[in-house]
2 protein chains.
Amino acid sequence: MEDDADARELTATLRAGGHRLTGPRRAVWAALAVDGDGHLTVDEVVARSQDARPGVDRATVYRVLALFEELGLARPSQLDAGGPVHWERAHPDEHFHLRCTRCGSVEHHVGTLVATIREHLDDGHGFRADTVELTVHGHCATCRDDERGTVRGGVR
Amino acid sequence: MEDDADARELTATLRAGGHRLTGPRRAVWAALAVDGDGHLTVDEVVARSQDARPGVDRATVYRVLALFEELGLARPSQLDAGGPVHWERAHPDEHFHLRCTRCGSVEHHVGTLVATIREHLDDGHGFRADTVELTVHGHCATCRDDERGTVRGGVR
DNA sequence: CTAGTTGCAAATGTTTTGCAGTCTC
DNA sequence: GAGACTGCAAAACATTTGCAACTAG
């Protein structure tokens, strides 16, 4: 069971910062452990948290998420300008998002690219990069196939 | 006078899309022609537009900006997650933003990087990139100097 | 017990929408 | 003159905050 290590990480990080382990925090932490993509809007986090613990309030979820961000447990990202923020557990490796504007899926892309950007800016421009927010909007491989299929004769 | 070419571009693009040239649209277009960085929040666009044409409404500014985006005349960017969207005139070349979290300045960074990302994703992952949103948060060269100065003995 | 947390409700801030009057073409 | 646009007011979202009650340590 990975759940134990999971719970331990949460507890330890909270305690280290002088915070408490509470029901709502456990619920939000669990909500963020999504099998699929793992990019949830606050609405989704609220819904999942309430599954585990009916009564958790939206305001609490916002507060918990802000705390998790501060503690480095979770990461927000603005997948659409103007739209709601999406949340995921903080990954140790730097990555960016590939969002398909057709099916809405969000993939992670891990690689050296972010590090490269960082170094380039530091060396060449004296800019010290702290956080790199990179989101690429486009069509994923599957949707490109679907489009071709649809034209040829109606897949699906 | 660059203003003429400017006005002509606006008129032509609007007409091509079956849209009309109106006072508010002219005002918003002018507002976006900032000498400095050129990254304005909607609030700022409203203020500048009202300078040129008292009475323009916030709602109209939102509608005009959305239209400009659709026509490829303007580009929104979310410089801070959760915060208001910033607008600038659409540039022909792809660029991204370097935002200093100390002084708040926003620089443009033009280069081949965005094109590189695009190609890499297309070739290696079958992902067709349409728009690339890249914002780097950190400290600009000036602020890094200031910090050193402050430590040494209080610049400013 | 005591301070950190929470739920509830109300406030804030941003963006969107409905509609009747206005202005461009 | 017809339909695209605008201003005004109200609505729809997203997020934050104040506060009294609750609870983890």
Side-chain angles (χ1 to χ4, degrees), chain A residues 7-8 10-31 39-47 49-50 52-71 73-74 76-87, chain B residues 7-8 10-31 39-47 49-71 73-87:
Chain A
R8 244 177 278 127
L10 177 61
T11 311
T13 311
L14 284 173
R15 292 263 168 76
H19 302 279
R20 297 178 179 174
L21 177 62
T22 66
R25 288 178 182 167
R26 238 196 268 267
V28 170
W29 184 241
H39 293 84
L40 306 173
T41 61
V42 175
D43 261 8
E44 292 165 334
V45 176
V46 169
S49 300
Q50 290 179 336
R53 197 166 189 286
V56 246
D57 193 74
R58 171 176 301 274
T60 301
V61 171
Y62 273 100
R63 283 188 278 231
V64 171
L65 288 172
L67 176 64
F68 282 4
E69 180 182 9
E70 185 190 321
L71 297 178
L73 291 169
S77 49
Q78 188 87 39
L79 296 179
D80 313 283
V85 173
H86 291 239
W87 290 85
Chain B
R8 242 177 278 125
L10 176 62
T11 312
T13 310
L14 284 172
R15 291 262 169 76
H19 302 280
R20 296 177 179 174
L21 178 63
T22 67
R25 287 177 184 170
R26 239 196 266 266
V28 171
W29 184 241
H39 292 85
L40 306 173
T41 61
V42 175
D43 262 8
E44 292 166 334
V45 176
V46 169
S49 301
Q50 290 179 336
D51 277 357
R53 196 166 190 287
V56 245
D57 192 76
R58 172 176 301 273
T60 301
V61 170
Y62 273 99
R63 281 187 279 232
V64 171
L65 288 172
L67 176 64
F68 282 3
E69 180 182 10
E70 184 191 321
L71 296 177
L73 292 168
R75 209 192 104 163
S77 49
Q78 186 87 40
L79 296 179
D80 313 283
V85 174
H86 291 239
W87 290 85

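So you know, we letter chains A, B, ... as the sequences are listed, proteins then strands, and number each from 1. All heavy atoms count here, side chains included; hydrogens, waters and symmetry mates do not. Computed from a predicted structure; not experimentally measured.
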Worksheet item: What's the shortest heavy-atom distance between B/Phe68 and B/Arg25, and which atoms?
Response: CZ-O, 3.6 Å
Worksheet item: Nearest heavy-atom pair of B/Val45 and B/Ala31: which atoms, and what distance?
Response: O-CB, 4.0 Å
Report the distance from atom [atom1] of [X] to atom [atom2] of [N], rounded to the nearest whole Å.
{"X": "A/Glu70", "N": "C/dT5", "atom1": "CD", "atom2": "P", "result": "10 Å"}
{"X": "A/His86", "N": "D/dC13", "atom1": "NE2", "atom2": "P", "result": "15 Å"}
{"X": "B/Asp80", "N": "D/dA14", "atom1": "CG", "atom2": "P", "result": "19 Å"}
{"X": "A/Arg26", "N": "C/dT5", "atom1": "CZ", "atom2": "P", "result": "14 Å"}
{"X": "B/Gln50", "N": "D/dC8", "atom1": "CD", "atom2": "C1'", "result": "13 Å"}
{"X": "A/Leu67", "N": "C/dT5", "atom1": "CG", "atom2": "P", "result": "7 Å"}

Worksheet item: For A/Asp43, what residues pass the salt bridge (Lys or Arg N to Asp or Glu O under 4.0 Å) criterion, not counting sequence neighbours?
Response: A/Arg58
Worksheet item: Tell me, for nucleotides 15-25 of chain D in 5' to 3' order, what letter each nucleotide earns: B for a base near a protein heavy atom under 4.0 Å, S for only sugar-phosphate near one, - for neither?
Response: BBBB----BBS
Worksheet item: How long is the gap from CG on B/Leu10 to CZ on B/Arg26, to the nearest 0.5 Å?
Response: 8.0 Å
Item to complete: Using the test side chain to side chain donor-acceptor pair (under 3.5 Å), find all partners of B/Asp80 that sit at least two apart in sequence or belong to another chain.
Response: B/Arg99
Response to the item:
side chain to side chain contact (heavy atoms under 4.5 Å, CB included) with B/Val28: of B/Leu67, B/Leu73, B/Leu65, only one passes, and it is B/Leu65
